[in-house]
Amino acid sequence: MNKIFWKGKKVLITGHTGFKGSWLSLWLQSKGALVTGYALPPHTVPNLFDAAQIADGMISIIGDIRNLDFLQSVVAEHRPEIIYHMAAQALVRHSYSYPVETYSTNVMGTLNVLEAIRHTDSVRAAVIITSDKCYENKEWVWGYRENDPMGGHDPYSSSKGCAELIVSAYRNSFFSSDDTSRSLAVASTRAGNVIGGGDWSKDRLIPDIMNAFIEKRSVVIRNPNAIRPWQHVLDPLSGYLLLAEKLWTEGRKFSQAWNFGPDENDMISVLKITEFLSHLWGDGARWEFDSSRNPHEAHCLRLDCSKARNILGWSPKLNVQKALEWTMEFYRKYHREEDVLQLLKNQITRYELDQIE
C-alpha cells in the first residue's frame, strides 16, 4: 500500500459502527484520511465501535442504508472521493428469522449506495463489500473464482448474490468505460470468515467461544465439521485499501469482482478452531455439540484468490494460528479492562511493518 496515498482523502464508510467497519475506520484514521461514517447504531453491547472510541477520529452519522433520500443528502453534503459500502445484515441464522429485513438491507441498501454514487460527481472509487457466501455453493473442495455463478441457499447468501448482480448491472449500465464524462471505478469484494478482536455478534463462532470462556461455561458448537476460510480482519481490509488505491490510480482496469481469502492451509473446520482456542485459553475451557436441529449452512466453502495475488499483488499475512492469537489477545485485554484502542493501533502497526511474530 502507498503510505501517503490516504492522507487528506475524503472517505465515506457505510456500516462504520460494525466490526469490520470499526477496524477500517481506525485504520484509515491512522493513515490521515478524512473519514465519514453512515450506519445504524452498534447492534450489540458491548461493541468495538464504543470500546475503542472509533467515533472520536471521524464524522459519525447515524442513518439507515435503506433511507435513500437521507443517504443521498449525506453523500451530497460530505462529497466523498472514495466510498466503502459495508453496511449489511450479516448473519445467516438471523436471515432465516428476518428474511425481509435481510433482503431490504443487503439488496436495496446496496442499490441505494450505487444510486447515491451515480448522482454525486465527487466519487472516484467505490468498493462494495459483499461475502464469500454469494456463490452458488456446490460443496466442492476447490475454491470459487470470481466468474463462478452467484447463488445462495439461505436468505443471507442469496441477498449477497443479488447485491453482486446489482453491482455488475450498475457498472455496465452507468459506470462503464464508454462514459468519459467522469472518472469513476466501482469494484466488489468477497472475503471469507473474518475474525479479530472486538466482534460480539450473535451466532458467530469466535464471539460465542470468547463469551463462553470469559463466563466460564461450555462452548456450544453447531457444525463442528464445517470448513470455512478463516482470516484475520486486517488481511481482507488490506486488500480493500489496496484495491481502492488501484481504482483511483488506474481506474476501470480494476473495476471488477475480487476474492480476498486465506491460504489453503487456513481453511479448517469449526472443531479445529474450537480445540485450538480452548487450548490457548486454558483455565478449564471446554466445548460441547449442539444436538438440536439447526438451519442449513454450507459444509465446505473455499475461495480462489489467485486473481488478487497475481493482479493486485495482494496476499494474506496472518495464518490462522496467528490470527487466533491476535484475536484472543484482544479479548483477554478487554476482559482485564485494559486499553483496547492502543492494542488495535499496535496490531495495525505490526501488520503494516510485517511484525507478525
Side-chain angles (χ1 to χ4, degrees), residues 1 3 6-7 9 11-37 39 41-60 84 86-87 90 127 129 191-201 204-207 209-211 213-214 230-242 244 260 262 277 280-281 316-357:
M1 291 179 287
K3 293 182 179 179
W6 291 97
K7 187 174 179 60
K9 290 289 191 303
V11 184
L12 174 70
I13 302 173
T14 71
H16 69 291
T17 60
F19 166 58
K20 287 174 68 176
S22 293
W23 272 97
L24 180 60
S25 296
L26 184 62
W27 200 345
L28 285 169
Q29 291 171 27
S30 73
K31 288 179 166 294
L34 306 176
V35 185
T36 300
H43 66 279
T44 64
V45 178
N47 60 81
L48 183 60
F49 186 72
D50 292 330
Q53 303 163 346
I54 304 297
D56 290 352
M58 65 186 297
I59 299 171
S60 177
Y84 284 100
M86 309 182 83
V127 180
I129 287 81
N193 279 41
V194 175
I195 63 176
D199 188 2
W200 278 282
S201 298
R204 280 188 182 158
L205 180 65
I206 303 301
I209 291 175
M210 291 294 101
N211 286 332
F213 289 172
I214 290 171
W230 310 97
Q231 57 190 149
H232 192 274
V233 62
L234 291 176
D235 272 331
L237 291 186
S238 71
Y240 302 168
L241 292 172
L242 178 60
F260 295 105
L277 286 175
L280 205 61
W281 185 269
K317 293 184 180 182
L318 294 167
N319 62 31
V320 68
Q321 178 175 333
K322 191 58 63 175
L324 291 169
E325 290 173 357
W326 282 30
T327 299
M328 186 166 286
E329 184 182 13
F330 174 93
Y331 289 102
R332 286 190 187 278
K333 284 187 176 292
Y334 181 83
H335 182 51
R336 295 195 294 258
E337 299 183 351
E338 297 179 13
D339 187 352
V340 294
L341 174 58
Q342 190 57 51
L343 172 64
L344 265 59
K345 290 180 177 179
N346 290 343
Q347 289 188 343
I348 289 172
T349 299
R350 288 161 60 192
Y351 186 92
E352 290 184 322
L353 297 177
D354 294 324
Q355 297 173 349
I356 305 302
E357 298 302 326

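Summarising the geometry, atom CE belonging to M328 is positioned 10.0 Å from atom CD1 belonging to I195; distances are rounded to the nearest 0.5 Å. Once rounded to the nearest 0.5 Å, the distance linking CZ of R204 with CG of N193 reads 9.0 Å. One finds the CG atom of D56 at 12.0 Å from the OG atom of S25 (value rounded to the nearest 0.5 Å). Going from atom CH2 of W230 over to atom CG of N319 covers 15.0 Å, rounded to the nearest 0.5 Å. Here I206 contributes atom CD1 and L277 contributes atom CG; the two are 5.0 Å apart, rounded to the nearest 0.5 Å. We find the CE-CZ distance between M86 and F19 to be 9.5 Å, quoted to the nearest 0.5 Å.
Using a 4.5 Å heavy-atom threshold, the side chains of F330 and L344 count as touching. Contact check for P236 versus V194: side-chain heavy atoms found under the 4.5 Å cut-off. Contact check for L28 versus I13: side-chain heavy atoms found under the 4.5 Å cut-off. Between W281 and I209 the shortest side-chain heavy-atom distance does not fall below 4.5 Å. A heavy-atom distance below 4.5 Å is found between the side chains of K31 and L241. Using a 4.5 Å heavy-atom threshold, the side chains of L26 and L341 count as touching. Under the 4.5 Å side-chain criterion, counting only non-hydrogen atoms from C-beta, S30 is not in contact with K345. Considering only heavy atoms from C-beta on, V11 comes within 4.5 Å of W6 through its side chain.
K20 and Y84 are not linked by any side-chain donor-acceptor pair at a separation below 3.5 angstrom, with hydrogens and angles left out of the test. Side chains of N211 and Y331: no donor on one and acceptor on the other come within 3.5 Å.
Under the 30°/60° scheme for interplanar angles, the aromatic rings of W23 and H232 are found to stand perpendicular.
Without hydrogens or angle criteria, Q29 side chain to I54 main chain gives a donor-acceptor distance under 3.5 Å. A distance-only check finds a donor-acceptor pair linking the side chain of D235 to the backbone of L318 [under 3.5 Å]. Remark: the backbone N or O of P316 is not paired with any side-chain donor or acceptor of Q231 at under 3.5 angstrom. Between the side chain of K317 and the backbone N or O of Y351, at least one donor-acceptor pair lies under 3.5 Å. Under the 3.5 Å distance criterion, the side-chain polar atoms of N47 are matched with a main-chain donor or acceptor of T44. E329 places no side-chain N or O within 3.5 Å of a backbone atom of L343 that could act as its donor or acceptor partner. The main-chain N or O of F49 is never found under 3.5 Å from a side-chain atom of T17 such that the two would form a donor-acceptor pair.
The environment of Q355 atom CD is dense: over 12 non-hydrogen atoms of other residues, nucleotides or ligands sit within 6.0 angstrom. Atom NZ of K322 has more than 12 heavy atoms from other residues, nucleotides or ligands within 6.0 Å.
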| message | Under the criterion ring-ring contact (aromatic ring centres under 6.0 Å, His included), I'd like the reasoning laid out for W200 against Y334: C-alpha separation, chi angles, the key distance, then a yes or no. | response | CA-CA 12 Å; W200 278 282; Y334 181 83; 4.8 Å; yes
| request: Evaluate side chain to side chain contact (heavy atoms under 4.5 Å, CB included) for W27 paired with S238, printing each intermediate quantity in order. | output: CA-CA 9 Å; W27 200 345; S238 71; 3.8 Å; yes
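Across all non-hydrogen atoms, the minimal contact from S60 to H16 is OG-NE2, 2.8 Å. Across every non-hydrogen atom of P207 and S201, the tightest pair is CB-O, 3.5 Å. Contact record, S22 with L48: CB-CD2, 3.8 Å, taken as the closest heavy-atom pair.
Taking a cutoff of 4.0 Å between a charged side-chain nitrogen and a carboxylate oxygen, E325 and R350 do not qualify as a salt bridge.
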